[in-house]
Amino acid sequence: MLRQYELVERVARYDPDADVAALNRAYVYTVQKHGTQKRASGDPYFSHPVEVAGLMTDLQLDQETIMTALLHDTVEDTLATIEDIEDNFGPDVARLVDGVTKLSKIEAMPENERAAENLRKFLLAMSEDIRVLLVKLGDRLHNMRTLHFIKSPEKRQRIARETMDIYAPLAERVGMYEYMREMQLLAFEQLEPEGYATITGRLEQIRRQDGGQVDAIALAIKQALAEAGLRVEVSGREKHPYSIWRKMAERHVSFEQVTDIMAFRVITETEADCYSALGVLHTTWQFLPGRFKDYISTPKTNGYRSLHTSLMYENSMRVEVQVRTRDMHQTNEFGLDAHWAYKQGDKPDGQVGWLRDLIEIVDASHDAEELLEHTRLAIYQDRIFAFTPKGALHQLPKGSTPVDFAFAVHTDLGAQTVGAKINGRHMPLRTPLNNGDVVEIIKGKAAEPQLSWLGFVVTGKARAAIRRAVRLKEREEVASLGRMLFDEIASRVPAKIGKKATREAAKRLDLEDEDELMYQIGAGRIEDRAVMEALVPGCTADMEVPVDWARQDRAISIRGLTAGVGFQLADCCHPVPGDRIVGLRVPGERVVVHAIDCMELASGIDADWLDLSWGKQSIGAVGRLRVTLYDRPGTLAEMAGIFAQNLANVKTLAHVQKEHPFSAYEVDLEVQDLAHLTRILSALRASDSIAQAERI
Ligand code: MN
C-alpha cells in the first residue's frame, strides 16, 4: 500500500502548488473513518481508497481529484456525511465525493432494480464533472484487481459483467486505453475462465517456442527505420488474451487462425516522421491492404491519434504496427479527457462535453447506434427510459406508449388509464415515448382497459393485462345478458325457480356454477329448451320443437354486440356488410340483425333495438336478388357467368315467374359486403340478357 508521504510526494512532484496539508488531512481522515473495516482480501479497508488515489496520481490529476479518491467511500461506507466532507475539505471536494457516492448507490441496487436503473442517470451523475468518472474508473480498476478475493462466484460474475459492459467502454470512450485493456482482461478471466486459460496457455507455449520473437521483430523494425535516418523508439507486445478472444469470436476462427497476435508501437519525434516511417515499413514488408488507418489526419471521436497498419513479417506472421509521436502517445494512453480536465486548470466547471453529447445521443435514441456501435453500451439502444412525475424511473422497450408505461408502474394504474401527459402536455395514448420523457397518467374511476390498446402497446405486461381485463369484462356483459334471458326462460317453466333450482340446473348441464350457466345462455350456447329441461326435467315434452336457428357464419362480426352473444341475420331483408343495420332483441331469442330499411322493422315488433354496425372481418353474408332475364336461350348462363366472374357463390336459385318475354329468378348470393353486391348488380344491369336486377 502506498504510504502517506509517498502519495503526497507524488502529487507535489507534478503539481508544486498542491496543498500538501489538505492531502495529508484527507489521507488521515479516510484511515480514521474506515478504521478497522476490512476488504475481502483481509487488508484494511482504507488500503482501497489509498490505492485508487495512487492510480489518480499516475494520471497526474489535480489535488481535489486525489482527495476525492481518498474520500470516495467514506460517505457510502462509514458514518461520515457529505456535510462532514464539506466542513473538512470544502464544497468542491464534497461535490465530487457526492457524485461518486451516487454512482455507488446505483451500483448497490438489487439486480432487478438496477436493471431498470438507467444509463442516463448514470451518465448524468458522472457528467457533472469528468473527475467523478475518473475516480470511478480508478475505483473499478482497483476493485477488479482485487476481485479474486471475493468469495461469491455470483458476485464476481456480476461485477465482471458490469465492468465489461459499462466501465471498459467508458474507459475507452475517454481514451483511457490502459484502463480499458486491464479491465477487459480481468473481466474476461472471470466471465470466460476456460477461454482465458486456453489463450494464456497457448500464448505461453508460443513464447517458449519462439522465445524472443517479439524482441527480434521490434529490433528489425527499428533497424529498418534507422537505415532511413529516422530516430524512433519501438516497443512490442503480445496482444492481450481478451483481444485475441474477441478476434476469434468476431471472425469465427481458431486460435491458429488469429495470426496477428503481436502488436508494435513506433514512437517518432514529429508528425511528418510518422508518415515517413510508415512509408519505410510499407516498402520493407508486405502490408495488408484494407488494414491501414490514418487516425492522425482523422482522429477518432475521442481524440485518439495514430497510424495503424498490418504487415506480413517473413511471409507468415501478421503483425500490427501503430505509429505516433510521443505527444500523441501520451495523450492517447493517458486518457484524453483526463488530460483535458487537468489542462483546464483547477476547476473544470460544468458538464463534460462528450458525456453531455452521449446523454443527448442516448436521449435521441435513433442516433445511439452510431455512437455506441463499438461498445457494449449499445445494449441500451433498444430501450427507453421514462420518468414518473415524482422522478421514479422505468425502463421500457423502444416504441413503448403511455399505456405500456402505466402498466409498468402498476397493473391497476394501467387499467385505470384514460389519458396521459407527456412532459406536461396532453398526448394521445398511442404516442411512442422518448428517452427522458416525464409521463403523467390520468386515471379514470373504473378500470376499463380498451381492446383497441392492443393495437399499439408493445410490452408483454400491458398486452396480457389488457387481454385479461377485456375478457373479464366481456364475460361479465355476456353473463348479465344471460341472466336476463334466464329470468325469462325460468318464467316459462311450471315451477318457481329459486337459487337452489338454478344451481341444480347448472349441475345437470355439467356447468361449473350459476355464473357459467348465465354466460353460456348469454353466449347463445345453450338452447332455451335445454335450460328448461335442466330446471324442470320433462317440462318441454309437449312443446313444439323450437325453430332451428340458422348457424351463422362465424366470420361475421358485428360491432355493438358483445363478443359471444348469439345473433342471426334476418331472413326478411338479408342484410350484407355495408348495409346499415339494427339488432332486435327479444327475450329468450337471439339478436336478429335487420337492414335498417327492412319492412319488418316498421311492423312494430316488441323488442329492444340495438344500434349495430359491421365488424372488420365481415365476410360471407347472403344477399337476395331478384333478376329478370329475357326469356331466350343463353340468358341464364350469362347471369351465372356474371356471378362467377365476380366470385359470388350462388346458394339458391329459384325460378319465380315466367311472363313473356321475361323470366324472373330469386337468387341468394354469398357476397363479401355491400360494395361487392352493388358491383354484381351493376354488372347484371349492364348485360343485354338482363332486363332488371334488384335486391329484395
Ligand atoms: Mn471504492
Side-chain angles (χ1 to χ4, degrees), residues 1-2 4 7 23 26-59 61 63-82 84-85 88-89 93-110 114 117 121-122 125-126 128-152 155-168 170-171 174 176 179-180 182-183 186-187 190 335 338:
M1 190 184 81
L2 214 53
Q4 185 172 345
L7 181 74
L23 284 166
Y27 193 106
V28 172
Y29 190 86
T30 201
V31 170
Q32 281 176 349
K33 285 293 169 187
H34 287 295
T36 56
Q37 288 175 354
K38 291 265 191 293
R39 296 273 289 173
S41 60
D43 287 336
Y45 193 93
F46 58 76
S47 66
H48 165 67
V50 169
E51 290 298 329
V52 176
L55 287 169
M56 296 297 100
T57 63
D58 293 339
L59 299 174
L61 292 170
Q63 78 177 49
E64 283 173 350
T65 311
I66 307 303
M67 287 163 72
T68 302
L70 286 170
L71 301 168
H72 82 267
D73 278 332
T74 54
V75 174
E76 179 75 0
D77 295 334
T78 78
L79 295 174
T81 63
I82 283 296
D84 296 338
I85 303 291
N88 283 287
F89 305 101
V93 171
R95 185 173 48 79
L96 292 171
V97 171
D98 192 36
V100 181
T101 306
K102 270 187 200 144
L103 297 187
S104 307
K105 279 191 180 139
I106 293 174
E107 279 177 349
M109 286 180 176
R114 207 162 30 104
E117 195 48 62
K121 231 180 189 175
F122 198 75
M126 292 186 302
E128 299 290 321
D129 194 313
I130 184 77
R131 293 174 297 180
V132 171
L133 173 61
L134 299 178
V135 172
K136 193 64 218 168
L137 289 174
D139 177 42
R140 179 50 65 121
L141 180 60
H142 185 250
N143 284 337
M144 286 303 291
R145 284 178 180 174
T146 54
L147 187 63
H148 57 280
F149 289 115
I150 289 176
K151 292 217 171 58
S152 153
K155 194 174 175 193
R156 286 202 306 269
Q157 287 275 326
R158 179 177 70 73
I159 293 172
R161 183 83 267 160
E162 200 175 66
T163 302
M164 196 64 112
D165 288 350
I166 295 172
Y167 290 98
L170 281 172
V174 283
M176 295 170 70
Y179 273 44
M180 174 197 77
E182 192 174 344
M183 283 179 183
L186 292 164
Q190 222 28 261

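All of these numbers come straight from a predicted model, not from anything done at the bench. Both ligands and their constituent atoms are indexed starting at 1 by order of listing.
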Every N, O or S from the protein that is nearer than 2.8 Å to the Mn ion (ligand 1):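 Sorted hits: His48 NE2, His72 NE2, Asp73 OD2, Asp139 OD1.
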Any side-chain heavy-atom pair of Gln4 and Val28 under 4.5 Å: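 Yes. Closest side-chain heavy atoms under 4.5 Å.
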Min side-chain heavy-atom separation Val132-Arg95 under 4.5 Å: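 Contact flag for Val132/Arg95 side chains = no.
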Candidate list Leu55, Val52, Thr163, test side chain to side chain contact (heavy atoms under 4.5 Å, CB included), partner Leu141, passing option: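 The residue from Leu55, Val52, Thr163 that satisfies side chain to side chain contact (heavy atoms under 4.5 Å, CB included) with Leu141 turns out to be Leu55.
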For Tyr29, all residues meeting ring pair (Phe, Tyr, Trp, His ring centres under 6.0 Å), sequence neighbours excluded: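 If we apply the ring pair (Phe, Tyr, Trp, His ring centres under 6.0 Å) test to Tyr29, skipping adjacent residues, the hits are Phe89.
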Worked verdict on Lys136 versus Asp139 for salt bridge (Lys or Arg N to Asp or Glu O under 4.0 Å): CA-CA 5 Å; Lys136 193 64 218 168; Asp139 177 42; 2.9 Å; yes
Under 3.5 Å: donor-acceptor pair, side chain of Arg156, backbone of Gln190: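 A pair under 3.5 Å: no.
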